[in-house]
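Just so we're clear, the structure is a prediction, and the values are computed from it rather than from any experiment.
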Amino acid sequence: MSLVNGFDATQEETSESYDALPAGSYTAIIRAGEERSTKAGDGEYLSLEFEVVGPTHAGRKVWTNLNLKNPNPKAVAIARKDLAAICLAVGVPRPQHHADLYDKPLQIKVAQREYQGEMKNEIKGFKAAPVANFARTSSAAPPQHQAPQQSAFSDEDPPWGR
């Protein structure tokens, strides 16, 4: 089928709003992650993509960056706490790679903040997802709950290594 003849996108209504999600708690799963270098080249962070699966706004995406190597020790401490909360929320206390965290439901607390005149989302917290809120239409399975253990992270590399 050829779209060259007869299709004019300016005459069609588009779908998908990219407005920021309303602040609140959502059940989500991590769909993707990538280790990246900071713009300054003096650190590394883990960028995680979360997909909302319920109770509302299913299919919407939210991202967070965890500064696991950074000259600012406070940024690293915050990232390590967030990563620990994510790991425990999805039932993987000792991941070998960030992909170990994918497709497992967790609860995320989403806030809004203004950035360059636009409202943006920011994830402010992570905890285990209530099983009742998890959308069974997703390919993910509910997390295996395990007793909290001591931190699985060292002061060196992230738990999945290089």
Side-chain angles (χ1 to χ4, degrees), residues 1-70 72 74-92 95 97-143 158 160:
M1 166 170 59
S2 173
L3 293 179
V4 177
N5 297 322
F7 184 78
D8 181 357
T10 64
Q11 300 302 311
E12 301 295 328
E13 185 177 325
T14 61
S15 60
E16 277 299 324
S17 167
Y18 290 101
D19 294 337
L21 286 171
S25 292
Y26 298 91
T27 301
I29 55 176
I30 299 172
R31 282 288 188 206
E34 183 179 3
E35 296 172 48
R36 299 178 179 169
S37 294
T38 59
K39 287 181 185 178
D42 59 356
E44 295 177 0
Y45 63 96
L46 176 61
S47 180
L48 295 174
E49 176 185 285
F50 294 80
E51 181 179 335
V52 174
V53 295
T56 62
H57 298 84
R60 294 289 304 273
K61 295 186 178 177
V62 188
W63 294 264
T64 197
N65 295 326
L66 304 175
N67 291 293
L68 297 170
K69 288 187 177 181
N70 194 288
N72 181 342
K74 185 175 181 180
V76 173
I78 291 168
R80 290 171 63 86
K81 286 179 183 177
D82 284 349
L83 181 57
I86 292 167
C87 291
L88 295 173
V90 300
V92 183
H97 189 271
H98 52 81
D100 296 345
L101 307 173
Y102 294 5
D103 299 321
K104 296 170 178 61
L106 72 158
Q107 195 81 20
I108 59 173
K109 182 178 179 184
V110 175
Q112 288 187 344
R113 68 177 174 91
E114 188 174 338
Y115 178 74
Q116 297 182 347
E118 282 188 65
M119 294 307 289
K120 300 288 184 182
N121 287 125
E122 186 171 26
I123 302 176
K124 292 293 204 176
F126 311 91
K127 66 180 183 178
V131 175
N133 285 350
F134 180 61
R136 295 286 177 200
T137 58
S138 168
S139 62
W160 45 85

(message) Return the CD to NZ distance between E114 and K120, rounded to the nearest 0.5 Å.
(response) 11.0 Å

(request) Could you walk me through whether I86 and L48 pass side chain to side chain contact (heavy atoms under 4.5 Å, CB included), step by step? (result) CA-CA 11 Å; I86 292 167; L48 295 174; 3.9 Å; yes

(request) Report yes if the side chains of H57 and P22 come closer than 4.5 Å at any heavy-atom pair, otherwise no. (result) yes

(request) May I ask you to test the T56-Y26 pair for a side-chain heavy-atom distance under 4.5 Å? (result) yes

(request) Kindly say whether G41 contributes a backbone atom to a donor-acceptor pair with the side chain of S37 at under 3.5 angstrom? (result) no

(request) Please determine if K124 and E122 form a salt bridge, counting it only when a charged side-chain N lies under 4.0 Å from a carboxylate O. (result) yes

(message) Main chain of N70, side chain of Y45: is a donor-acceptor contact present, judged purely on distance under 3.5 Å?
(response) no

(request) For residues L21 and N121, report the shortest heavy-atom separation together with the two atoms involved. (result) N-OD1, 2.7 Å

(request) Please report the closest heavy-atom contact between R31 and D103, naming both atoms and the distance. (result) NH1-OD1, 2.6 Å

(request) Could you pull out the closest heavy-atom pair between V92 and D100, with the gap in Å? (result) CG2-O, 3.7 Å

(request) Measure the CG-CG distance between D82 and L46 for me, rounded to the nearest 0.5 Å. (result) 11.0 Å

(message) I need the N72 CG to I78 CD1 distance, nearest 0.5 Å.
(response) 7.5 Å

(request) With rounding to the nearest 0.5 Å, note down the distance linking CG in L66 to CD in E35. (result) 11.0 Å

(message) Using 0.5 Å steps for rounding, measure from the NE2 atom of H98 to the CD atom of E34.
(response) 8.0 Å

(request) Kindly give the heavy-atom pair with the smallest separation between A23 and A111, and that separation in Å. (result) CB-CA, 4.2 Å

(message) Distance check, rounded to the nearest 0.5 Å: L106 atom CG versus I30 atom CD1?
(response) 6.0 Å

(request) Identify the two heavy atoms, one from T27 and one from P55, that lie closest to each other, and give their separation to 0.1 Å. (result) N-CD, 4.2 Å

